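Everything on this sheet refers to the single structure shown next.
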Amino acid sequence: MAKAETPKAIRGTQDMLGEQVERFQHVVSTFDRVRRLYGFQRVEIPVFEATAVFARSLGETTDVVSKEMYTFEDRGGDSVTLRPEFTAGLCRAYLTEGWQQYAPLKLATHGPVFRYERPQKGRYRQFHQLDAEVIGAAEPQADVELLALADQLLYELGIADGVTLQLNTLGDAATRDAWRGALVAHFEKHRGELSEDSLARLERNPLRILDSKDPRDRPVADSAPGIDAHLTSEAGAFFEAVIKGLDAAGVAWTRNDRLVRGLDYYRHTAFEFVTDRLGAQGTVLAGGRYDGLIEALGGPHTPAVGWAAGIERLAMVIEAPEAEKLDIVVAVEDDRATARAFKDVACLRRSGLMVDIIATGSARKRYDKATKVPAKSILSYVVREGLILTGFHGDGETVDRAKRLLPIEAHPVA
RNA sequence: GCGAUCGUAGCUCAAUUGGUUAGAGCGCCGGUUUGUGGUACCGGAGGUUGCGGGUUCAAUCCCCGUCGAUCGCCCCA
């Protein structure tokens with residue numbers, strides 16, 4: 001029979017073990033702890049939705065919809081899509097589950113998301129996000145609270161120093177239209193100085209020229225008009241309130257008036273927490289206010305604001321957390337003690353101690369193996385003159401606890 | 001979709017300008033030493049050098065293709 005060929009992992013997926021998992025878990029558990037401090041409740045939503053949920057929310061950026069989503073037809077012929085983000089699904093749930101009665105809702109969730117993209121540093125096809133949203137709150141306090149949550153999360157992950165909060169406003173609809181007009185006029189005037197990529201952007205998505213990485217674009221992008229001159233008084237007041245709130249809450253930020261969002265339903269606050277330690281994929285947490293999204297999903301006008309953070313990117317930036325140690329590792333150095341040892345191990349585990357046992361392979365090497373297992377203490381079993389003897393080594397507190405649970409006298413070999 | 005770099009044992013890496021039987025450490029398995037201990041030694045298993053062509057007396061090494069990985073571009077909800 002021909003040797004079976006091992007199927008390979010799908011491009012852009014990850015298998016995690018050891019330190020990678022420790023890092024991942026540390027990010028998630030820190031998020032779960034901090035989110036409670038702010039009264040954000042955990043929600044669960046599906047990993048896939050009707051394609052319309054995301055297609056509608058992504059509007060006219062057809063590139064993203066057609067090329068970058070994992071879209072399939074199910075057996076009934078319906079088009080379904082693996083979630084590329086949490087926000088649209090949460091908004092759908094808000095509308096279809098009657099969650100409007102609880103508004104304003106502070107929600108938190110985390111899990112896998114999927115984007116059909118070419119993998120690179122900090123970028124995968126199945127990756128994982130933390131997500132926090134406030135749905136049904138029009139006030140700038142919601143933006144501030146959400147940013148404070150993000151800020152504290154990064155602080156407690158120990159990476160606040162290496163990350164900066166870049167803040168901008170996209171204004172309201174009127175502001176945005178006026179600014180966009182001024183930008184297009186500016187870029188049209190300097191067509192000749194723009195890169196080919198940016199000339200294409202000028203047609204599809206002119207705001208994106210502002211954050212172009214092409215050095216040829218920088219002079220034109222840097223000299224482009226900012227949004228401030230076009231802010232309506234309402235939009236200006238909103239941004240002011242956010243800034244004042246951040247300062248009051250002690251959240252450090254820097255203005256980046258080149259920071260934009262591609263989609264029209266984004267209003268007012270836009271922000272990104274950025275690190276320089278991840279190469280080209282330095283954005284570690286990003287979000288903004290999306291007052292127009294729920295209407296785009298066929299719901300009533302509903303103001304909302306939220307953010308998402310890449311768990312893998314955060315996990316790469318933090319210090320390695322200390323691996324969890326077992327309380328005891330048992331080394332059975334004589335096969336005649338095996339039954340006794342397993343009995344004791346069962347007792348210890350039922351008492352809530354984390355215990356592993358080494359009872360296979362060369363008997364005389366089992367102690368050496370045990371010393372390599374991350375554990376607070378070692379319990380060894382040997383046989384002398386027909387008696388099973390036990391020996392403890394390591395952390396005193398753990399040893400004392402185990403000694404109280406186990407019979408200390410030597411047992412004859414059965 | 002485009003570009004650059006890289007694919008040798010389970011892992012990290014060697015192998016002279018192309019040269020004969022592709023090595024080492026770690027890990028794994030077995031044995032010896034030690035015997036309240038993380039030591040040292042001996043032995044073993046494990047490779048179609050990613051895959052397929054080509055050049056050559058001879059290819060891990062050079063060339064082409066392909067697959068995969070990494071990093072970047074595009075995109076970034």
Side-chain angles (χ1 to χ4, degrees), chain A residues 3 5-14 17-18 49 53-70 81-91 113-125 127 129 131 195-198 200-201 204-205 207-208 211-215 217 259-266 270 272 274 278-283 286-288 290 292-293 296 306-308 310 313 329 331 333-334 358 360-375 377-384 389-394 399:
Chain A
K3 194 180 176 221
E5 206 170 302
T6 304
K8 32 187 193 213
I10 299 291
R11 181 196 295 258
T13 61
Q14 314 172 77
L17 180 72
E49 297 269 359
V53 170
F54 305 113
R56 198 92 42 87
S57 78
L58 293 170
E60 78 279 18
T61 40
T62 51
D63 235 36
V64 168
V65 173
S66 61
K67 289 192 196 155
E68 310 207 356
M69 295 204 309
Y70 270 94
T81 296
L82 302 182
R83 63 183 178 206
E85 55 155 357
F86 281 100
T87 307
L90 287 168
C91 290
V113 290
F114 305 83
R115 297 180 184 182
Y116 194 87
E117 300 182 293
R118 206 163 182 97
Q120 49 184 281
K121 192 179 189 68
R123 188 181 238 201
Y124 307 93
R125 287 188 173 180
F127 62 110
Q129 284 188 334
D131 189 276
S195 66
E196 312 79 63
D197 282 335
S198 282
R201 290 185 184 113
R204 309 191 312 271
N205 203 352
L207 297 198
R208 279 288 165 207
D211 51 17
S212 168
K213 288 172 188 162
D214 194 317
D217 291 329
L259 179 63
V260 293
R261 288 284 115 94
L263 301 171
D264 280 338
Y265 56 72
Y266 280 101
E272 294 186 5
V274 181
L278 287 177
Q281 308 296 331
T283 298
Y290 51 93
L293 173 57
W307 56 251
R313 291 189 190 177
V329 59
E333 299 187 85
D334 189 307
I358 295 175
T360 59
S362 172
R364 59 198 323 164
K365 286 186 178 169
R366 291 179 198 161
Y367 191 90
D368 278 1
K369 267 198 215 170
T371 64
K372 288 173 187 164
V373 174
S377 64
I378 298 175
L379 170 55
S380 69
Y381 287 75
V382 295
V383 175
R384 286 281 139 64
L389 304 178
T390 59
F392 276 103
H393 309 270
V399 169

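Note that the coordinates shown come from a computational prediction; the quantities given were computed from them, not determined experimentally.
Counting heavy atoms from C-beta on, the side chains of Val382(A) and Asp334(A) never come closer than 4.5 Å.
Nucleic acid contact for Glu85(A): sugar-phosphate only, since backbone atoms but no base atoms lie under 4.0 Å from a heavy atom of the residue.
Summarising the geometry, the separation between OH on Tyr266(A) and P on C76(B) is reported as 12 Å, rounded to the nearest angstrom. Taking atom CD1 on Ile358(A) and atom C1' on C29(B), their separation rounds to 15 Å, with Å as the unit. Rounding to whole angstrom units, CZ of residue Arg125(A) and C1' of G1(B) are separated by 11 Å. For the pair Arg204(A) CZ and C76(B) C1', the computed distance is 12 Å after rounding to whole Å. Straight-line distance from the CZ atom of Arg366(A) to the P atom of C29(B): 11 Å, rounded to whole Å. Here the P atom of nucleotide U70(B) and the CD atom of Gln14(A) are 9 Å apart, to the nearest Å. To the nearest angstrom, P of G35(B) lies 11 Å from CZ of Arg364(A). Whole-Å rounding puts the Glu196(A) CD to C75(B) P distance at 12 Å.
A donor-acceptor pair is defined here as one N or O able to donate and one able to accept, closer than 3.5 Å; such a pair exists between the side chain of Arg261(A) and the backbone of Gly287(A). A donor-acceptor distance shorter than 3.5 angstrom exists from the side chain of Arg313(A) to the backbone of Thr283(A), with no hydrogens or angles considered. Looking only at distances, no side-chain donor or acceptor of Arg366(A) sits under 3.5 Å from a matching main-chain atom of Ile358(A). Between the side chain of Tyr265(A) and the main chain of Ser57(A), a donor-acceptor pair closer than 3.5 Å is present.
Across every strand in view, C41(B) sits in a pair with G31(B) that passes the Watson-Crick or G-U test at under 3.5 angstrom. Remark: A15(B) base-pairs with no nucleotide in the shown strands. Criterion, Watson-Crick or G-U wobble with two distances under 3.5 Å.
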What protein N or O atoms touch nucleotides 2-13 of chain B N or O atoms at under 3.5 angstrom, if any, and at what distances?
unit_1 : atom_1 : unit_2    : atom_2 : d
C2(B)  : N4     : Arg118(A) : NE     : 3.1

Could you go through nucleotides 37-39 of chain B and list every protein N or O atom that sits under 3.5 Å from one of its N or O atoms, giving the distance for each pair?
unit_1 : atom_1 : unit_2    : atom_2 : d
G37(B) : N7     : Tyr367(A) : OH     : 3.3
G37(B) : N7     : His393(A) : NE2    : 3.0
G37(B) : O6     : Ser380(A) : OG     : 2.9
G37(B) : O6     : His393(A) : NE2    : 3.1
G37(B) : N1     : Glu333(A) : OE2    : 3.4
G37(B) : N2     : Glu333(A) : OE1    : 3.4

N/O to N/O distances under 3.5 Å, protein versus nucleotides 42-52 of chain B:
none

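The minimum heavy-atom distance between Phe86(A) and Gln129(A), with the atom names listed, is CE1-O, 3.7 Å.
Contact of Arg11(A) with G68(B) (side chain to base): no donor-acceptor pair of N or O atoms is detected under 3.5 Å. Within 3.5 Å, a donor on the side chain of Arg123(A) pairs with an acceptor on the base of C75(B), or the reverse.
The phosphate of C75(B) has OP1 or OP2 within less than 4.0 Å of a side-chain N or O from Arg201(A). For Lys213(A), a side-chain nitrogen or oxygen approaches OP1 or OP2 of C73(B) to under 4.0 Å. Taking only side-chain nitrogens and oxygens, Asn205(A) comes nearer than 4.0 Å to OP1 or OP2 of C76(B). Residue Arg115(A) places none of its side-chain N or O atoms closer than 4.0 Å to OP1 or OP2 of C76(B). The side chain of Gln120(A) contributes no N or O atom lying less than 4.0 Å from OP1 or OP2 of C71(B).
In this structure, Tyr116(A) places its OH atom where only 12 or fewer heavy-atom neighbours from other residues, nucleotides or ligands lie under 6.0 Å away.
A distance of 5.0 Å separates CZ in Arg11(A) from CZ in Arg118(A), rounded to the nearest 0.5 Å.
To the nearest whole angstrom, the two P atoms, one in C11(B) and one in A69(B), are 15 Å apart.
When each of Ile10(A) and Glu272(A) is assigned the nucleotide of RNA chain B with its nearest heavy atom, Ile10(A) is the one assigned upstream, toward the 5' end. The residue among Leu278(A) and Arg313(A) whose nearest nucleotide of RNA chain B is located toward the 5' end is Leu278(A).
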**Request:** Could you go through the side chain to side chain contact (heavy atoms under 4.5 Å, CB included) check for Tyr70(A) and Arg125(A) one step at a time?
**Result:** CA-CA 9 Å; Tyr70(A) 270 94; Arg125(A) 287 188 173 180; 3.2 Å; yes
